[in-house]
Structures are given as structure tokens and as C-alpha cells.
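Note that the structure is a prediction, hence the values are computed from the model and not measured. Computation of the quantities below employed the complete heavy-atom set of this structure, encompassing side-chain atoms and omitting hydrogens, waters and symmetry-equivalent molecules.
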Amino acid sequence: MLKDYVEKKPYKEISFHGEFQQELLHVLPFAYWHFKNGTLKRTQSTGLTTELYFFSPDHHESDEGRDYLDNFNLEIPNSSHDLKLDMRKWLPVPLKRQYQNNIYQYNKPLLIIANRFNTEWSQPPISYFDLGVLGEMFDLLQSKYQVLYNRPPAADIVEDNSEIKELGDYEWIKENYPNVIQFVDLYKYRGSEVKNYNHMQLMIYANCDKFISIHGGTATLASNFGGQNIIYSRKGHEHYLKEFENIFPKLSGAEIYHVKDYQALLETIRKKYANG
């Protein structure tokens with residue numbers, strides 16, 4: 001558009017209510033490009049997103065939930081999974097720089113394990129960390145790192161078309177791995193230090209350089225904070241579109257390691273984190 005390159009006056013209004021992954025991969029960098037270009041006027045998204053759009057001159061949160069159909073918003077480049085990426089109006093958002101803080105600091109380096117247990121493509125959960133592999137990861141890592149475990153409860157985030165299931169992980173971790181700090185407990189006891197659960201995630205992630213995550217919004221959020229991110233993903237559009245290679249690293253310069261099974265996951269953890 002001519003007004004993006006000649007007039008350069010705030011005019012662009014961006015609204016999105018699609019999936020969290022697509023918002024982080026494409027919508028937020030598109031809005032940030034317009035902000036840096038001097039052409040962003042207003043943004044709108046679901047609840048709990050104001051901190052993501054910290055740069056927006058006028059951000060509005062709506063009561064509308066997330067719906068994957070909005071991924072096909074033609075106003076936003078690449079908002080769906082595309083074979084060919086258009087990066088002309090795409091800039092990485094400096095979330096790490098914005099949210100680094102002196103609040104969430106510990107005696108050992110932080111390592112975040114970000115899990116999810118949701119329905120996928122109207123099927124039962126496919127890619128997730130079960131209790132067995134969680135225990136193996138904790139055993140490998142807790143002596144070297146302060147391990148933090150994050151699986152957001154449905155009540156603290158805006159859900160999309162997927163349904164969050166019960167995994168039984170919160171109490172199991174308390175009983176068996178009391179040194180692992182859980183985000184749900186931090187939010188329960190230190191929630192007054194942040195505006196909402198998403199805000200707390202941004203602040204803790206900003207202080208961390210080591211992540212282990214599940215594909216979708218879970219892995220995409222972790223990939224916005226540099227360092228290293230091991231992503232467990234058994235199947236998905238990301239595979240044949242090579243998104244873990246061509247766009248995830250661009251979010252923050254993070255090193256991305258994609259694994260498809262638990263054996264490869266544990267081998268990569270040993271090599272990159274436990275013994276690295």
C-alpha cells in the first residue's frame with residue numbers, strides 16, 4: 001500500500017481472534033512492523049492480550065473467544081499456515097527486552113518445561129508430556145537448573161477450539177518433585193505482582209534461556225525469548241511447511257530443536273541441556 005511507504009500516518013487497524021500460535025507467529029509481528037513504520041493506529045484481540053501488544057498506541061481486548069476460522073483473515077499476511085511466507089511486513093517483537101525483570105530470579109539458571117494436554121483436530125491429545133516423561137526430564141535437569149513447570153489452567157487463559165483435559169500433573173509434581181516450581185502456584189501466591197496469567201508468563205519467560213515445549217501456542221510463546229527451545233511435536237502443519245526451521249527461529253533468534261518422540265526428546269535434553 002502506498003500509504004505504508006509514502007504518507008506514513010497512523011491508519012492501520014488490526015483485529016484478530018484466531019489461534020494463539022498464529023497470533024504470535026504472524027499477527028503480532030505484523031502489528032509491530034506497522035508500529036515501527038509509524039502506521040499502526042489500533043489493535044484488537046481477545047482478552048489477556050494487552051501485554052503482548054505493549055507497543056500498540058490503542059489496544060482493545062474483546063469478549064470474543066478464539067476461533068481458528070479467523071486464522072484465514074486475508075487482511076493479515078500468513079495468518080494461516082502458508083506454503084510461501086511473506087515477510088515484507090513482519091518484524092520480531094522484543095518481548096524479552098520488554099519484560100526482563102528482577103522479580104522472578106532464582107539461585108540456579110531457569111529452565112521452563114511448557115506442557116499442554118488438549119484435544120487436537122477434534123481428537124484426543126496427541127503431543128504432550130505424560131507423567132512418565134515429565135519425571136525423566138525432572139530427574140535429568142533439576143540438579144543443574146531451577147525447573148519451572150507451566151501448563152496453564154483453562155480458567156486463566158482464553159481457550160480456542162481445543163478442549164483442555166485433566167492430566168493429574170499438578171498434585172503429582174507436588175508430591176514427587178517438590179523442588180519444581182509450578183506456574184499455577186506462582187500465580188496463586190504471587191499473582192498480585194502481575195496483571196494476569198499471561199503477564200506472568202511473559203515476565204518469567206523473559207528471564208529464561210532454556211525451554212522445552214509442545215507445538216502450538218505453547219512452543220511459539222517459548223520461541224519468542226531467545227536461547228534454546230526443544231519442541232516436541234508428533235504431527236502438524238508445522239512439519240511439512242518446515243515452520244520450525246523457517247519462521248520459529250526468526251521470532252527471537254532462538255535455537256529450535258524439533259523432536260517427534262520421547263526417546264529423541266530425552267536424548268536432545270541430555271545433549272543440549274543436561275550435559276551441554
Evaluate whether atom CZ of R97 has more than 12 neighbouring non-hydrogen atoms of other residues, nucleotides or ligands under 6.0 angstrom away.
no
Do the numbers put K3 on top of the ring of Y11, so that NZ or CZ is under 6.0 Å from the six-membered ring centre and no more than 45° off the axis?
yes
Any donor-acceptor N/O pair, T39 side chain to H34 backbone, under 3.5 Å
yes
Establish, from distance only, whether the side-chain atoms of S45 and E23 form a donor-acceptor pair under 3.5 Å.
yes
Go through it in stages, so that I can follow the logic: the residues are E120 and S127, the test is side chain to side chain donor-acceptor pair (under 3.5 Å), and I'd like the CA-CA distance, side-chain angles, deciding distance and then a yes or no.
CA-CA 9 Å; E120 300 182 62; S127 295; 4.6 Å; no
Please verify the inter-ring angle class for H59 with Y53; under 30° counts as parallel, over 60° as perpendicular, anything in between as tilted.
parallel
Scanning both residues in full, the closest heavy-atom pair of E243 with Q21 reads OE1-NE2, 4.0 Å
What do you reckon, is CD of E13 surrounded by more than 12 foreign heavy atoms closer than 6.0 Å?
yes
Walk me through whether H215 and R234 qualify under side chain to side chain donor-acceptor pair (under 3.5 Å).
CA-CA 9 Å; H215 77 195; R234 291 178 57 191; over 6 Å; no
Parallel, tilted or perpendicular, as decided by the 30° and 60° cut-offs, for the rings of Y232 and Y262:
tilted
Are K235 and W121 in a cation-pi setup, meaning NZ or CZ lies under 6.0 angstrom from the ring centre and within 45 degrees of the ring axis?
yes
Contact summary for L95 and L28, nearest pair of heavy atoms
CD1-CD2, 4.5 Å
Return yes when atom CG of D261 has more than 12 non-hydrogen atoms of other residues, nucleotides or ligands closer than 6.0 Å, and no otherwise.
yes
Dump the intermediate steps for salt bridge (charged side-chain N to carboxylate O under 4.0 Å, His left out) on K96 and D209, then the final yes or no.
CA-CA 10 Å; K96 192 176 188 79; D209 294 314; 3.1 Å; yes
What is the ring orientation for Y197 with F183, classed by angle as parallel under 30°, tilted 30 to 60°, or perpendicular over 60°?
tilted
Indicate the ring-plane relationship of F54 and Y32, choosing parallel, tilted or perpendicular according to the 30° and 60° boundaries.
tilted
Any side-chain donor paired with an acceptor under 3.5 Å for Y170 and Q182?
no
More than 12 heavy atoms of other residues, nucleotides or ligands under 6.0 Å from CD of Q105: is that the case?
yes
Is atom NZ of K271 surrounded by more than 12 heavy atoms (other residues, nucleotides or ligands) closer than 6.0 Å?
no
Run the side chain to side chain contact (heavy atoms under 4.5 Å, CB included) test against E166 and tell me which residues pass, sequence neighbours left out.
R151, D169
Proximity of Y99 and F225 rings by center, below 6.0 Å
no
Step through the shown structure and confirm whether more than 12 heavy atoms of other residues, nucleotides or ligands are within 6.0 Å of NZ on K144.
yes
